[in-house]
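Everything on this sheet refers to the single structure shown next.
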Number of protein chains: 2
Amino acid sequence: MAAFFGTYTNKVDKKGRVSVPARFRAAIAGSAYPGVLLAPNEEVGAIDGSDFERLNQVIEGLDDPELYDDEAMAQAHETLAMVQEFPVDGDGRMVLSQEFRDFAGITEEAVFTGIGSTFQIWSPDRRNDHRTSGGRTGSSLASMRVPRRKDV
Amino acid sequence: MAAFFGTYTNKVDKKGRVSVPARFRAAIAGSAYPGVLLAPNEEVGAIDGSDFERLNQVIEGLDDPELYDDEAMAQAHETLAMVQEFPVDGDGRMVLSQEFRDFAGITEEAVFTGIGSTFQIWSPDRRNDHRTSGGRTGSSLASMRVPRRKDV
DNA sequence: TGGATTATCATGGAACTTTATGGGCGTCAA
DNA sequence: TTGACGCCCATAAAGTTCCATGATAATCCA
């Protein structure tokens with residue numbers, strides 16, 4: 001499974017091109033398709049990203065009645081309808097569409113944040129606001145719990 | 001699972017390179033990726049470290065609705081966004097980024113402390129302050145508890 | 001068992017590779 | 001033809017590998 005983590009800030013040139021962080025590229029390497037999948041995240045005003053493998057898992061999950069009730073299903077459909085494919089070129093860059101840049105308020109720079117099996121793309125300002133708001137006290141890697149191994 | 005313990009002090013050269021203690025390298029040997037994962041620990045002003053296996057466990061846990069509510073998830077995302085990957089070279093060294101050195105106040109030397117399934121990296125001064133403050137009386141290996149074995 | 005030999009480790013420097021970034025050039029379609 | 005787009009090239013900075021050395025620790029053996 002692709003694992004995305006860390007924060008990277010890259011320039012967006014006048015063509016709308018931006019380098020996908022090398023570590024993220026490595027995470028999606030070997031995937032069936034050399035690119036990423038992006039969708040607006042309306043909750044936070046950023047862009048969500050993932051690879052094909054993750055999307056396939058999500059799609060499979062839709063068939064599980066325990067995961068989705070009617071309301072959640074309708075919402076999931078809306079989200080899937082917003083997903084777009086962005087190829088990554090030979091130099092490791094993709095072209096962020098004007099539509100998505102406008103949505104996320106991205107102009108000169110884009111901030112990539114890895115959050116596990118997916119990642120997000122932010123404008124620097126919004127990223128800062130989001131990070132400093134919410135009053136989250138510093139968590140730490142050492143304090144994060146892992147699922148207790150189930151003895152079967 | 002990787003087990004980290006003991007304290008080691010190593011030099012940081014002008015490129016920011018520092019040897020990972022051989023015992024720690026042995027602990028992560030066999031991991032899918034020859035490197036360590038580091039994240040700032042804002043509570044104590046040091047750097048938390050772990051291996052890939054541990055991070056993957058954490059990431060898998062994120063899909064478990066019983067482990068994370070919305071608030072805990074937001075916090076977990078913040079932590080993951082701070083995690084960075086540091087490859088360990090053939091000589092057993094990694095390059096501590098300027099950002100992380102600044103955060104932890106590390107200049108010439110770095111102190112590695114193993115604390116179980118993760119480890120920490122300190123500036124010598126902060127390490128000293130932290131150890132001597134807090135009034136923690138000496139615990140002992142003999143007094144430490146272990147989980148009761150479950151009969152299955 | 002004392003001393004010699006062999007690993008392993010931490011450290012320094014140099015050479016090499018990758019990454020992020022900017023620009024150019026042809027193609028296709030509106 | 002004027003963008004939008006894909007593709008290729010150039011380059012500086014950063015990251016990574018390679019080689020050398022002294023110090024310490026482990027091993028061997030007569």
Next on the checklist: Is B:R25 close enough to C:dA10 that one of its side-chain N or O atoms is under 4.0 Å from OP1 or OP2 there?
Outcome noted: yes
Item to check | Length of the NZ-P vector between B:K11 and C:dG12, whole Å | outcome: 6 Å
Item to check | Nearest atoms (heavy-atom pairs only) where B:N10 meets B:V18 | outcome: CB-CG2, 3.8 Å
Checklist entry - Given atom CZ of A:F86 and atom C1' of D:dG6, what is their separation to the nearest angstrom? => result 15 Å
Checklist entry - Would you say the side-chain atoms of A:N56 and A:E60 include a donor-acceptor pair closer than 3.5 Å? => result no
Next on the checklist: Taking the nucleotide of DNA chain D with the nearest heavy atom to each, does B:R23 or B:P87 sit closer to the 5' end?
Outcome noted: B:P87
Item to check | N-O pairing of B:E78 and A:R127 below 4.0 Å | outcome: yes
Checklist entry - Separation of A:M94 atom CE from D:dC7 atom C1', in whole Å? => result 18 Å
Next on the checklist: Rounding to an integer number of Å, can you tell me how far B:D13 CG sits from D:dG15 P?
Outcome noted: 13 Å
Checklist entry - Could you state the CG-P distance from A:L96 to C:dT21, rounded to the nearest angstrom? => result 13 Å
Checklist outcome for this item: B:F24 CZ to C:dC9 C1', in whole Å, measures 15 Å
Item to check | Pairing of B:R93 and B:D91 as salt bridge, 4.0 angstrom limit | outcome: yes
Checklist entry - Do any side-chain nitrogens or oxygens of A:K14 fall under 4.0 Å of OP1 or OP2 in C:dG23? => result yes
Checklist entry - Can you find a donor-acceptor N/O pair under 3.5 angstrom joining the side chain of A:K15 to the base of C:dG24? => result yes
Checklist entry - Once you round it to whole Å, what is the distance between P of D:dT24 and OH of B:Y8? => result 17 Å
Next on the checklist: Can you say whether a donor on the side chain of B:D89 sits under 3.5 Å from an acceptor on the base of D:dC18, or the other way round?
Outcome noted: no
Next on the checklist: If I compare all heavy atoms of B:L62 with all of B:A76, which pair ends up nearest, and what's the gap?
Outcome noted: CD2-CB, 3.7 Å
Checklist entry - Rounded to the nearest Å, what distance is computed from the CD atom of residue A:Q84 to the P atom of nucleotide D:dC5? => result 11 Å
Checklist entry - Contact class for A:V12 (heavy atom, under 4.0 Å): base, sugar-phosphate, or nothing? => result nothing
Next on the checklist: From C-beta outward on A:N10, which listed nucleotide comes closest to its side chain: C:dC9, C:dA20, C:dG12?
Outcome noted: C:dA20
Next on the checklist: Is it the case that the base of D:dG6 and the side chain of A:R93 share a donor-acceptor contact (distance under 3.5 Å, atom types as modelled)?
Outcome noted: no
Checklist entry - What about B:R17: does its side chain form a donor-acceptor pair under 3.5 Å with the base of D:dG15? => result no
